[in-house]
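Residue numbering restarts at 1 for every chain, and letters A, B, ... go by the order of the sequence lines. As the structure is a computational prediction, the values presented were derived from the model and not from experiment.
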2 protein chains.
Amino acid sequence: MPSAPRGPASSRRPTMAEVAAKAGVSRTLVSFILDGKPGASEETRQRVLAIAKEVGYRPDAAARLLALGRSRTLGVLTDVRQLFQAELVTGIYPAAEQLGYEVLLTTNLSDRPESVPIDALISHRCGSLILLAPTSGHDYLIKLAAEVPVVVVGPRLPAEVLGAGVDLASVRTDDARGIGDAVDYLVTLGHKDILHVDGGDGSGSPERRRGYREAMSAHGLEERIDIIAGDHTEEAGAAAARELLARPGLPTAVLASNDRSALGLLDVLTRSGVDIPGELSLVGFDDTRLSDFPRIDLTTVHQDAPGLAQHAVRLAVELLERRCSGPKEVVLRSQLVIRGTSGPPPATVRR
Amino acid sequence: MPSAPRGPASSRRPTMAEVAAKAGVSRTLVSFILDGKPGASEETRQRVLAIAKEVGYRPDAAARLLALGRSRTLGVLTDVRQLFQAELVTGIYPAAEQLGYEVLLTTNLSDRPESVPIDALISHRCGSLILLAPTSGHDYLIKLAAEVPVVVVGPRLPAEVLGAGVDLASVRTDDARGIGDAVDYLVTLGHKDILHVDGGDGSGSPERRRGYREAMSAHGLEERIDIIAGDHTEEAGAAAARELLARPGLPTAVLASNDRSALGLLDVLTRSGVDIPGELSLVGFDDTRLSDFPRIDLTTVHQDAPGLAQHAVRLAVELLERRCSGPKEVVLRSQLVIRGTSGPPPATVRR
DNA sequence: CTGAAAGCGCTTACAG
DNA sequence: CTGAAAGCGCTTACAG
C-alpha cells in the first residue's frame with residue numbers, strides 16, 4: 001500500500017463501496033440509486049437505500065467534484081458584518097437549493113485582500129461566484145471572470161466591464177432612482193435644503209450620489225446641493241452629524257447613503273436635542289431589517305433583497321451552464337418606505 | 001476515453017500535470033515544490049514556480065482532499081443574522097489561518113433544520129466543525145461528534161454530554177457570573193427592583209437566567225426576582241417593554257439577556273417617555289460592536305469574542321489532529337462595561 | 001535530485 | 001437490470 005496510513009476518519013466514514021458490498025451490488029448501481037436514476041429494481045433500490053442510511057453513508061463532495069469535473073456549488077463572498085448582505089445570503093440559499101445547487105460562504109475581512117477568500121472559493125471548485133458588494137477593482141473582476149463565472153451584486157459595473165467578453169454579470173438596485181424618489185418625496189413635503197451624506201465608494205454609493213445631484217437639479221435646487229463625504233458605517237453618519245451641528249444652521253432634510261449611516265446620524269442628532277422629524281427629516285437606504293422589529297422607525301429606500309438574491313443565483317447558474325441568454329445586467333426597482341423620521345420641514349427654517 | 005466530455009472549465013483550468021509538462025519535470029516534483037518541501041534544485045524551483053504563476057495554476061482542493069483523506073478545513077456553522085456571531089467568525093479566520101487551516105462557512109436559516117447546513121459542511125469534508133450557538137438537541141450533537149469533531153461555541157453543555165466519549169468540546173463565556181456582576185453593580189448603586197428579560201433557550205440564556213436568580217438571592221433579594229420570558233431578538237425586548245409599561249409600576253433596573261433584546265427595550269421605553277437611566281437602568285449582554293461607533297451607549301456585559309474564536313479553533317484543530325490533551329470545556333470571563341444606560345435608581349421609587 | 005505508480009471516493013460510458 | 005473499468009487532480013511512499 002503505497003499511500004500514507006489513513007487517519008481514523010476514513011475508517012469511520014462509510015464509502016459507496018462499503019454500501020455496495022453490504023448490499024451485494026456494484027458500486028455503479030449504488031451510485032445510480034443514490035442519484036435517483038433509473039436502472040435498479042424497486043426491491044434493490046429499497047435495500048440499498050436502507051443500508052446507506054443504516055451505515056450513515058454521506059456522499060463525499062470532494063470525490064464527487066473530482067469525478068464530475070465541475071461542481072454544482074455556488075461560492076458566495078459576503079461580509080459578515082453587513083446586515084444587509086445577511087439578507088441577501090438568506091435569499092441566496094433557497095434560490096440555489098431550488099436549482100439543485102449548494103452554497104459555500106466566505107467572508108471578507110478588513111485586514112486582508114478580497115482575493116484571499118475568493119481564491120479559497122475557487123480552490124473548493126465553486127462553479128461560479130456571487131460577490132456581494134465587492135471592493136476589488138474592475139481589472140481584477142475581469143481577470144477573475146475569465147477564470148470562473150462571476151455575478152456582482154450591488155455596485156454598478158460600467159458597460160465596458162460588463163462587455164469585456166468574460167462571464168461577468170451584475171445585479172443591482174436602481175440606486176439613482178431610489179434616491180431620486182426620496183428627493184421627490186421631500187420636495188413635495190416642502191423641503192429645499194436637502195443634504196446628502198454619501199457613502200464614499202461603498203456599494204451603490206456613486207449612483208446614489210449621482211441620483212441625488214440629478215434629482216436636486218431636476219427640482220431647480222442645484223445650488224442647494226450639499227454633500228458631506230462619508231461611508232456605509234454608523235461612525236460615518238455620526239461624524240457627519242457632528243459636522244452638521246458645528247454649522248451655523250441645519251438643513252431641513254438629510255439623505256443618508258445607507259441605513260447604518262442614517263443610524264449614526266440619528267443617534268448623534270437626537271442626543272444633541274435635534275427633533276426628528278420636527279426639525280429635520282432623515283431618510284436612509286437599504287431598509288435593513290432582519291427581524292420584524294421596526295427598530296428606529298426609519299424612513300428609507302427599500303431594496304428588494306430576495307429579488308436581488310434570486311437574480312444573482314439565476315445568473316450564476318446560467319453562466320455556469322453556458323446558457324446565459326438574457327442580459328447580463330439586472331436592475332431592480334427600489335421603493336421608498338415612509339416611516340417616522342420624515343415629515344414636513346419646520347415652519348421657521350433656520351437659514 | 002470512457003468518461004464524459006468535460007466542460008470548458010477543465011480545459012480552462014490548468015492542472016499540476018500541465019505545469020509539470022511545461023517545466024519538463026515530473027508531477028511529483030511540482031507537488032513537492034508547491035508544497036514547499038525540499039527535494040528540488042533552487043533553479044528548478046524557481047522555474048516551476050514561475051510557470052505555475054504564469055499559467056495561473058490553482059490547486060484543486062477537491063483532489064487534494066481526496067488524496068489526503070482528511071482536510072485542513074474547518075467548517076463553521078453561523079447565523080448570518082446574528083451580529084455577535086459575525087464577530088466570532090471574524091476572529092475564527094485569522095486563528096485558523098495561523099494554524100494552516102481553511103475555513104468554510106454555512107448559515108442557519110430559520111426555515112430548515114440545522115442538520116442541512118451541517119451536512120453540507122461534512123460533505124465538503126470539513127475536518128472538524130465549529131457550531132456557533134447551535135440549537136440542536138444534545139442527542140444530535142453527540143451523534144454528530146461521533147462522526148466528526150465538534151466544538152460548540154456559546155451554550156453550556158452538561159457534563160454528561162461533554163463526557164459522552166465523543167469528540168465534542170465547548171467554548172463559552174461565564175454567563176452566570178457575567179449577569180452576577182451586573183446584578184452586583186446595580187445593587188451597589190442602590191437598585192433592588194431588578195428585573196430580567198430572559199432569552200428563552202437562546203445561547204447562554206439558561207445560564208444567564210440562573211446567574212440572575214443566584215445573584216439576587218445572594219443579595220437577599222429573592223423575593224424581588226422577576227423574570228419576563230423573551231428571546232434574543234429586538235422584538236422580544238420590545239414586547240417585554242410593552243408588558244412592563246402595562247404594569248402599575250416599573251422596576252428600577254432591567255437586565256436583558258442580550259444586546260438585541262436590550263435594544264428593543266430601549267426603543268420602546270424611550271419612546272414611551274421613560275428616562276433612561278434617570279428612571280430606569282438598562283443593561284445588555286454581549287457588547288456587540290463591529291464598528292467603533294458607540295451606537296446606543298448601552299451598559300452591557302462584554303464577551304471576549306476573539307478569545308472565544310481562538311479557543312474554538314484551537315480545540316477544533318486539536319480534536320482533529322487527535323492531540324487534545326487539555327480540558328474539553330473552556331469558559332472565558334466576561335466583563336461588565338458601564339456606559340450611559342445605567343445609573344443610580346430614581347430618588348422616588350415607584351413601588 | 002527525480003520519476004513511475006497506486007490510491008483517495010466518486011461518476012459514467014460501455015458491454016453484457 | 002448489473003458490473004468492470006477508466007478517469008477526475010492530487011499526494012506520497014518507493015525506487016532509482
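Looking at residues two or more places apart in sequence or on another chain, you find no salt bridge (charged side-chain N to carboxylate O under 4.0 Å, His left out) involving B:R27. For the side chain to side chain contact (heavy atoms under 4.5 Å, CB included) test, residues two or more places apart in sequence or in another chain that qualify with A:R45 are A:I33, A:A40, A:E42, A:L49. Taking the salt bridge (charged side-chain N to carboxylate O under 4.0 Å, His left out) definition, one finds that B:E114 meets it with nothing, sequence neighbours left out. Qualifying side chain to side chain contact (heavy atoms under 4.5 Å, CB included) partners for A:T106, counting only residues two or more places apart in sequence or in other chains: A:L77, A:P117, A:L121, B:Y93.
Here C:dC10 presents its C1' atom at 12 Å from CZ of A:F32, a figure rounded to the nearest Å. Regarding B:D60, its CG atom lies at a distance of 16 Å from the P atom of C:dG9, rounded to whole Å. Atom CE in B:M16 sits roughly 20 Å away from atom P in D:dG7 (whole-Å rounding). Spacing between atom CG of A:L29 and atom C1' of D:dA4 amounts to 14 Å, rounded to whole angstrom units. When the P atom of C:dT2 is taken as reference, atom CZ of B:R45 falls 12 Å away, rounded to whole Å. Across the protein-nucleic acid pair, A:R125 atom CZ and D:dC10 atom C1' stand 10 Å apart, rounded to whole Å. To the nearest angstrom, C1' of D:dG3 lies 11 Å from CZ of A:R27. Atom-to-atom, CZ of A:R72 to C1' of C:dT11 comes out at 14 Å; the value is rounded to the nearest Å.
Note on B:S31: a side-chain N or O is less than 4.0 Å away from OP1 or OP2 of D:dT11. Side-chain nitrogen and oxygen atoms of A:R64 include at least one within less than 4.0 Å of the OP1 or OP2 phosphate oxygen of C:dT11. The phosphate of D:dT2 has OP1 or OP2 within less than 4.0 Å of a side-chain N or O from A:T44. Put simply, A:S26 has a side-chain N or O that comes within less than 4.0 Å of OP1 or OP2 on D:dG3.
Rounded to the nearest Å, the gap between the C1' atom of D:dT12 and that of D:dG16 is 16 Å.
The A:T15 side chain lies nearest to C:dC10 when the options are D:dA4, C:dC10, D:dG9. Of the candidate nucleotides D:dG9, C:dG3, C:dT12, C:dG3 has the atom lying nearest to any side-chain atom of B:T28.
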Trace of the salt bridge (charged side-chain N to carboxylate O under 4.0 Å, His left out) decision for B:E18 with B:K22: CA-CA 6 Å; B:E18 281 167 52; B:K22 275 217 178 189; over 6 Å; no

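A stem is defined here as three or more consecutive Watson-Crick or G-U pairs, each with both distances under 3.5 Å; for DNA chain C these stems are C:1-3 with D:14-16, C:5-12 with D:5-12, C:14-16 with D:1-3.
Residues in residues 129-138 of chain B take part in no salt bridge (Lys or Arg N to Asp or Glu O under 4.0 Å) pair, two or more places apart or across chains.
The closest donor-acceptor contact from the side chain of B:T107 to the backbone of B:V80 lies under 3.5 Å.
Along DNA chain D, the nucleotide closest to A:G24 and the one closest to B:D35 are compared, and the more 5′ of them pairs with A:G24.
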